[in-house]
A.B. asks: 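Pasting in a structure now, in structure tokens, and then I'll have a few things to ask.
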Amino acid sequence: MEKERAKGRGGGKKITVGVVGPGSSCSVVERSLYDIDRDLDVKCYVREQVNACGEVMDECEQASDVVLFTGCAIEGYVREIREMQRPYTSVERSALSLANAFLEMQRQNIELDAFSIDIVEHQVIEDMLDVFHLLARNIYSSSFQPGVEERDYVDWHISLQKAGKTNVALTSMAWVHQTLRDQGYLTIYLGPTRAMVRLALERLRNAYVLSEAVYAQIAVAVLQLTNYGRNPDNYYASFISRAEIEKEIVRYVELLQGAFFAFGEREYIIFCNAGIVRENANQLLRLQGRVREHGIQLNVGIGMGVTANKAEMNAREALDYTLKRGRQEIYWIDQARTLQGPIGQDRQLKYELISSDPRVLEITRRSGLSVASVQKIIAVAEARQSFVFDAHELAQCLEVTVRSARRIMNRVMESGLGSVHAKESPVNGGRPKTLVEFHFQM
């Protein structure tokens, strides 16, 4: 099926939009999409609760070109549990949503200055309060938090109304709205509107065009059997093992509809379509696992580019990165010179090897670090949700010696971009450990 989809991309292909969310919202979004563009093909995948939406994602992504979530809570939940393969976005609740809610509150003679609201961005709320000249004294908001059940939002809204702190609950979640209403609490649903759907569709179309551009790019994968060597005690066993591995590589290349060439005894170069490589990342992980069964480590670097030469250069650099780390991993570098990996692991780093971001350039100028090092520190810090490092952690992050890491930490502090966060004294004595906080937040 994936091969058929890949062959059918571009060329004025009718776009299929998979809509995921509760039934009432899906109906509004579907109707709005057809009002905006009758040529769209819309398929709805209905689940009433946020944490049930993951059940339909495999089917949705198989049948759709792009995915539209009816709310950002659903998007946030799905992103926590899986890596999306198709371009996606959500129908974001905007200032218009809140304005409509305020009009409804006025229609029902509900005071505007005492309500609870979930999911909507704080900036949107603050802007609307400014427009209506309201104080935030009796207004409570709760943004989406991964892992928090919808029942918890219901309880939160109810507790505020029971305590007399709020008059009404404004919610972006259909199930929360229905549950509150069934229990007799005052609630207003911030549902999707055609204007919101139009903005979401524009974002989806842009993302789709970019994804289509990926299919026009070339991908080169360099596969290296890192610890392969002929066994002098069993000459023929080495050849048999390598032949079995090459069978697996041939099957993988056939899936990609690509071509491959062997370089020496340990290296293979695959040329194929960049988009298909991305779609079949799991197959490459399976190949890696099958090679491991022969006791051989397979390291892979993938590069993308508009020319084969550029793609191969990126692939070589990505492979060098895996070899420096000394582990069996897969990294890739795309056309924009963004390094990502290890592919297939829960915690992946993704950072640009080059940058035009003024903040990054200012950090590099003041600290003396390279752009790649600054981007990597930021990527690692964001992944671990802490910009505090000791010398050993920084050394591991930048792949330098601990002594070099200490020099870097001192230079960063001297530039005003870091400060001592704490000092830890080892229980068994020895040199105190200095914890430095890097002020690299973007």
A.B. asks: Donor-acceptor pair, Ser373 side chain versus Leu369 backbone, under 3.5 Å?
C.D. replies: no
A.B. asks: Could you walk me through whether Ser25 and Tyr189 pass side chain to side chain donor-acceptor pair (under 3.5 Å), step by step?
C.D. replies: CA-CA 10 Å; Ser25 297; Tyr189 178 46; 2.4 Å; yes
A.B. asks: Short question: side chain of Asn280, backbone of Ile276 - any donor-acceptor pair under 3.5 Å?
C.D. replies: yes
A.B. asks: Could you give the distance from CD (Glu279) to CG (Asn273), rounded to the nearest 0.5 Å?
C.D. replies: 8.5 Å
A.B. asks: Less than 4.5 Å apart, side chain to side chain, heavy atoms only: is that true for Ser32 and Thr193?
C.D. replies: no
A.B. asks: Side chain of Arg86, backbone of Ser64: donor and acceptor closer than 3.5 Å?
C.D. replies: yes
A.B. asks: Just verifying a value: how many Å separate Tyr77 OH and Cys53 SG, rounded to the nearest 0.5 Å?
C.D. replies: 8.5 Å
A.B. asks: For residues Glu248 and Arg286, determine if any side-chain heavy atom of one lies less than 4.5 Å from a side-chain heavy atom of the other.
C.D. replies: no
A.B. asks: What pair of heavy atoms forms the shortest contact from Leu190 to Ile117, and how long is it?
C.D. replies: CD1-CD1, 3.9 Å
A.B. asks: Is it true that, when you exclude Gln396 itself, more than 12 heavy atoms of the residues, nucleotides or ligands shown sit nearer than 6.0 Å to its CD?
C.D. replies: no
A.B. asks: Salt-bridge test for Arg198 and Asp37: reply yes if a basic N is under 4.0 Å from a carboxylate O, no otherwise.
C.D. replies: no
A.B. asks: With the side chain counted from C-beta on, respond yes when Cys397 and Lys376 share a heavy-atom pair under 4.5 Å apart, and no when they do not.
C.D. replies: yes
A.B. asks: Among all residues two or more places apart in sequence or in another chain, which pass the side-chain hydrogen bond (donor to acceptor under 3.5 Å, both in side chains) test with Arg403?
C.D. replies: none
A.B. asks: Does Asp152 reach the main-chain N or O of Glu149 with its side chain, forming a donor-acceptor pair under 3.5 Å?
C.D. replies: yes
A.B. asks: Measure across Ser90 and Glu75 and return the closest heavy-atom pair with its distance rounded to 0.1 Å.
C.D. replies: OG-OE1, 2.7 Å
A.B. asks: Going from CG on Asn299 to CZ on Arg266, what distance comes out if it is rounded to the nearest 0.5 angstrom?
C.D. replies: 10.0 Å
A.B. asks: Is the closest basic N to carboxylate O distance between Arg316 and Glu267 below 4.0 Å?
C.D. replies: yes
A.B. asks: Does the pair Glu362/Arg365 count as a salt bridge with the N-to-O cut at 4.0 Å?
C.D. replies: yes
A.B. asks: With rounding to the nearest 0.5 Å, note down the distance linking CD in Gln49 to CD in Glu55.
C.D. replies: 10.0 Å
A.B. asks: Can you see which heavy atom on Glu150 is nearest to which on Asn51, and at what distance?
C.D. replies: OE1-N, 4.2 Å
A.B. asks: Test Arg82 against Glu61 for salt bridge (Lys or Arg N to Asp or Glu O under 4.0 Å), laying out the working first.
C.D. replies: CA-CA 12 Å; Arg82 66 183 288 136; Glu61 289 203 278; 2.8 Å; yes
A.B. asks: Applying the side-chain contact (heavy atoms from CB on, under 4.5 Å) test to Val291, which of Leu225, Ile249, Leu223 qualifies?
C.D. replies: Leu225
A.B. asks: So, do Val250 and Phe260 sit near enough that their side-chain heavy atoms are less than 4.5 Å apart?
C.D. replies: yes
A.B. asks: Would Asp118 and Ser142 count as a side chain to side chain donor-acceptor pair (under 3.5 Å) if you check the C-alpha gap in whole Å, the side-chain angles of each, and the deciding distance to 0.1 Å?
C.D. replies: CA-CA 5 Å; Asp118 59 43; Ser142 178; over 6 Å; no
A.B. asks: Kindly check if the number of other-residue, nucleotide or ligand heavy atoms within 6.0 Å of CZ (Arg292) is above 12?
C.D. replies: yes
A.B. asks: Test of understanding: with ring-ring contact (aromatic ring centres under 6.0 Å, His included), list the residues that count as partners of His157, not counting sequence neighbours.
C.D. replies: none
A.B. asks: Leu170 and side-chain contact (heavy atoms from CB on, under 4.5 Å): which partner among Leu98, Thr187, Ile119, Ile139?
C.D. replies: Leu98
A.B. asks: Can you find a heavy atom in the side chain of Asp390 that is under 4.5 Å from one in the side chain of Thr434?
C.D. replies: no
A.B. asks: Check the surroundings of atom CE in Met413: do more than 12 heavy atoms from other residues, nucleotides or ligands lie under 6.0 Å from it?
C.D. replies: yes
A.B. asks: So Phe438 and Phe389, would you call those rings parallel, tilted or perpendicular, with 30° and 60° as cut-offs?
C.D. replies: perpendicular
A.B. asks: State, with a plain yes or no, whether a side-chain heavy atom of Leu394 is found less than 4.5 Å away from one of Ile377.
C.D. replies: yes
A.B. asks: Output, in order, the C-alpha distance, side-chain angles, deciding distance and verdict of side-chain contact (heavy atoms from CB on, under 4.5 Å) for Val197 and Leu33.
C.D. replies: CA-CA 7 Å; Val197 173; Leu33 287 171; 3.6 Å; yes
A.B. asks: Taking 4.0 angstrom as the limit, do Arg251 and Glu254 come out as a salt bridge?
C.D. replies: no
A.B. asks: In this structure, is the centre-to-centre distance between the rings of Tyr88 and Tyr208 below 6.0 Å?
C.D. replies: no
A.B. asks: Taking everything shown except Arg366 itself, do over 12 heavy atoms lie less than 6.0 Å from its CZ?
C.D. replies: yes
A.B. asks: Got a sec, which residues hit side-chain contact (heavy atoms from CB on, under 4.5 Å) with Val402, two or more places apart in sequence or on another chain?
C.D. replies: Ala391, His392, Ala395, Arg406
A.B. asks: Should Thr338 and Ile333 be marked as a side-chain contact (heavy atoms from CB on, under 4.5 Å) after you check the CA-CA gap, both sets of side-chain angles, and the distance that decides it?
C.D. replies: CA-CA 5 Å; Thr338 298; Ile333 297 176; over 6 Å; no
A.B. asks: Quick one: do Gln224 and Leu298 satisfy side-chain contact (heavy atoms from CB on, under 4.5 Å)? Show the steps, please.
C.D. replies: CA-CA 6 Å; Gln224 187 178 104; Leu298 177 65; 5.8 Å; no
A.B. asks: Write down the atom of Met105, the atom of Val168, and the distance for their closest heavy-atom approach.
C.D. replies: CE-CG1, 3.7 Å
A.B. asks: So do the side chains of Ile158 and Leu180 get within less than 4.5 Å of each other, counting heavy atoms only?
C.D. replies: yes
A.B. asks: Quick check: closest heavy atoms across Ala315 and Val220, and the distance to 0.1 Å?
C.D. replies: CB-O, 3.3 Å
A.B. asks: Mind listing the closest non-hydrogen atom pair of Leu435 and Val388 along with its distance?
C.D. replies: CB-CG1, 3.8 Å
A.B. asks: Could you state the interatomic distance from CG (Leu398) to CD (Glu393), rounded to the nearest 0.5 Å?
C.D. replies: 12.0 Å
A.B. asks: What's the spacing between Arg203 CZ and Leu68 CG if we round to 0.5 Å?
C.D. replies: 8.5 Å
A.B. asks: Quick one, Gln340 and Tyr331 - any side-chain contact, counting heavy atoms below 4.5 Å?
C.D. replies: no
